[in-house]
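Beneath this line is the structure, given in structure tokens, with notes to follow.
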Amino acid sequence: MSGHSKWHNIQKTKGAADAKRAQAFTKIAREMIVAVKEGGGGDPKSNSKLATVIAKAKAANMPNDNIKRTIDKALGAGNTDNFEKIVYEGYGPNGVAVIVETMTDNRNRTAGEMRHYFDKYGGNMGAANCVSWSFDRKGVIVIDNEDEELEEDAVMMDALDAGADDFEADGEVMTVYTGEDNVAAVSEALTQKGYTLLSAQVEMLPQNGYVKLTDEGDIKNMQKMLDMFEDNDDVQNVWHNWEDAE
């Protein structure tokens with residue numbers, strides 16, 4: 001699993017500004033509403049999609065009241081939210097692979113904006129599956145080890161006992177990998193063990209490692225492109241294989 005240990009592609013909620021945190025909560029809430037509808041109910045025990053999103057919400061420090069309110073809203077008869085998940089794929093500068101997961105109530109608006117971001121910063125939007133074939137979907141749980149006081153072997157054993165598939169230690173964080181349907185169960189087990197989670201979600205991980213950009217213009221354009229995606233309210237997640245992402 002080497003290459004992910006630099007905490008690539010993960011939305012950093014720790015120390016985030018209030019505006020960024022509010023935006024993150026809004027995006028998670030939207031994802032939760034869709035999970036309730038697609039998964040057939042508001043009980044995470046029988047709705048694995050919802051359980052996965054709740055694990056993500058808790059790792060992002062979303063208050064339990066917010067989680068309950070969002071689920072209740074999704075279950076309400078008067079809820080008219082009609083979001084659909086659409087994935088856009090393409091290339092950034094110098095062929096960096098980019099996958100953008102969106103949830104939108106206006107696919108024409110979102111498609112136009114995604115294409116504009118790709119084009120503006122030296123990339124191009126491609127057809128479905130043009131890059132996703134080279135990524136694997138896995139559960140990724142990041143454990144806080146900022147003080148570097150956690151014992152690597154002990155954390156690894158706790159993770160494997162909880163049902164994890166793999167484990168990686170990298171200084172201030174320890175990363176646990178699971179099957180995509182096992183994120184919630186492993187997250188809950190690790191939380192009960194007293195670990196602080198920085199992130200817990202299903203991610204797209206590049207199969208062949210990460211690409212390093214050397215041209216300053218490419219680097220600036222790639223960062224600007226990612227910033228535009230992240231700031232768009234319709235964008236839920238952005239996955240890519242750029243080595244030096246901030």
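Count residues from 1 along the sequence.
- Residues Arg115 and Asp119 are not paired through a salt bridge, judged by the lack of any N-O separation under 4.0 Å between the basic side chain and the carboxylate.
- Checking side-chain atoms of Asn66 against main-chain N and O of Phe25 turns up no donor-acceptor pair under 3.5 Å.
- Shown here are the salt bridge (charged side-chain N to carboxylate O under 4.0 Å, His left out) partners of Lys58, two or more places apart in sequence or in another chain: there are none.
- Using modelled atom types, one side-chain atom of Glu89 and one backbone atom of Ser132 make a donor-acceptor pair closer than 3.5 Å.
- Between Phe167 and Glu152 the shortest side-chain heavy-atom distance falls below 4.5 Å.
- Among all heavy-atom pairs drawn from Ala29 and Thr70, the shortest one is O-CG2, 3.5 Å.
- Here Thr26 pairs with nothing under the side chain to side chain donor-acceptor pair (under 3.5 Å) rule; sequence neighbours left out.
- Taking the side-chain contact (heavy atoms from CB on, under 4.5 Å) definition, one finds that Asn106 meets it with Thr104, Asn108, Arg109, sequence neighbours left out.
- To the nearest 0.5 Å, atoms OH (Tyr117) and CE (Met228) are separated by 4.5 Å.
- By the criterion of side-chain heavy atoms lying less than 4.5 angstrom apart, applied directly or through intervening Ile, Leu, Val, Met, Phe, Trp or Tyr residues, Val155 is grouped together with Val186 in one hydrophobic cluster.
- Taking CD of Glu203 as the start and OG1 of Thr175 as the end, the distance is 9.0 Å to the nearest 0.5 Å.
- Without hydrogens or angle criteria, Lys27 side chain to Val235 main chain gives a donor-acceptor distance under 3.5 Å.
- The heavy-atom pair separating Leu197 from Ile141 by the smallest distance is CD2-CG2, 3.8 Å.
- The nearest pair of heavy atoms linking Ala189 to Ala162 is CB-CB, 3.6 Å.
- Although no hydrogens or angles enter the test, the distance criterion places a donor-acceptor pair under 3.5 Å between the side chain of Asn145 and the main chain of Glu149.
- Met157 and Val173 fall into different hydrophobic clusters, where Ile, Leu, Val, Met, Phe, Trp and Tyr side chains are chained together by heavy-atom contacts under 4.5 Å.
- Contact detail for Leu160 and Ala164: the closest heavy-atom pair is CD2-O, 3.6 Å.
- Atom-to-atom distance recorded for Lys212:NZ and Asn241:CG is 13.5 Å, nearest 0.5 angstrom.
- Phe118 pairs by the ring-ring contact (aromatic ring centres under 6.0 Å, His included) definition with Phe229, not counting sequence neighbours.
- Hydrophobic cluster membership differs between Leu75 and Ile33, with clusters built from Ile, Leu, Val, Met, Phe, Trp and Tyr side chains linked at under 4.5 angstrom.
- Interatomic distance, Glu113 CD to Asp234 CG, rounded to the nearest 0.5 Å: 6.0 Å.
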Margin query: One pair to check against side-chain contact (heavy atoms from CB on, under 4.5 Å): Ile219 and Leu213. What are the steps and the verdict?
Written below: CA-CA 6 Å; Ile219 292 170; Leu213 296 177; 3.8 Å; yes
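- The hydrophobic clustering, which links ILVMFWY residues whose side-chain heavy atoms are closer than 4.5 Å, places Val34 and Val36 apart.
- Side-chain contact between Met32 and Ile71 is present, with heavy atoms from C-beta onward closer than 4.5 Å.
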Which side-chain N or O atoms in residues 92-103 pair as donor and acceptor under 3.5 Å with protein atoms at least two apart or in another chain?
from, atom 1, to, atom 2, distance (Å)
Glu101, OE1, Asn237, ND2, 3.1
Glu101, OE2, Trp239, NE1, 3.2
Thr102, OG1, Ile86, O, 2.7

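- Of the possible polar contacts, one joining the Tyr91 side chain to the Cys130 backbone as a donor-acceptor pair under 3.5 Å is found.
- Pairing each heavy atom of Glu148 with each of Glu172, the nearest pair is OE2-CG, 3.9 Å.
- Judged by distance alone, the side chain of Asn47 and the main-chain N or O of Ala35 form a donor-acceptor pair under 3.5 Å.
- Under a hydrophobic-cluster definition in which Ile, Leu, Val, Met, Phe, Trp and Tyr are linked whenever side-chain heavy atoms come within less than 4.5 Å, directly or via other members, Phe83 and Met114 are assigned to different clusters.
- For the pair Gln207 (side chain) and Trp133 (backbone), a donor-acceptor distance under 3.5 Å is present.
- Atom CE in Met222 sits 6.5 Å away from atom CH2 in Trp242 (nearest 0.5 Å).
- Without hydrogens or angle criteria, Thr110 side chain to Arg107 main chain gives no donor-acceptor distance under 3.5 Å.
- Lys56 and Glu31 are joined by a salt bridge, as a carboxylate oxygen and a charged side-chain nitrogen come within less than 4.0 angstrom of each other.
- Taking CG from Asp72 and CD1 from Ile67, the interatomic distance works out to 12.0 Å, rounded to the nearest 0.5 Å.
- The minimum heavy-atom distance linking Val183 with Gly139 is given by the pair CG2-CA, 3.4 Å.
- The side-chain contact (heavy atoms from CB on, under 4.5 Å) check on Asp227 picks up Gln223, with sequence neighbours excluded.
- At a threshold of 4.5 Å between non-hydrogen side-chain atoms, the residues Asp153 and Met156 count as touching.
- Checked by atom type and distance alone, the side chain of Asp158 never pairs as donor or acceptor with a backbone atom of Leu190 at under 3.5 Å.
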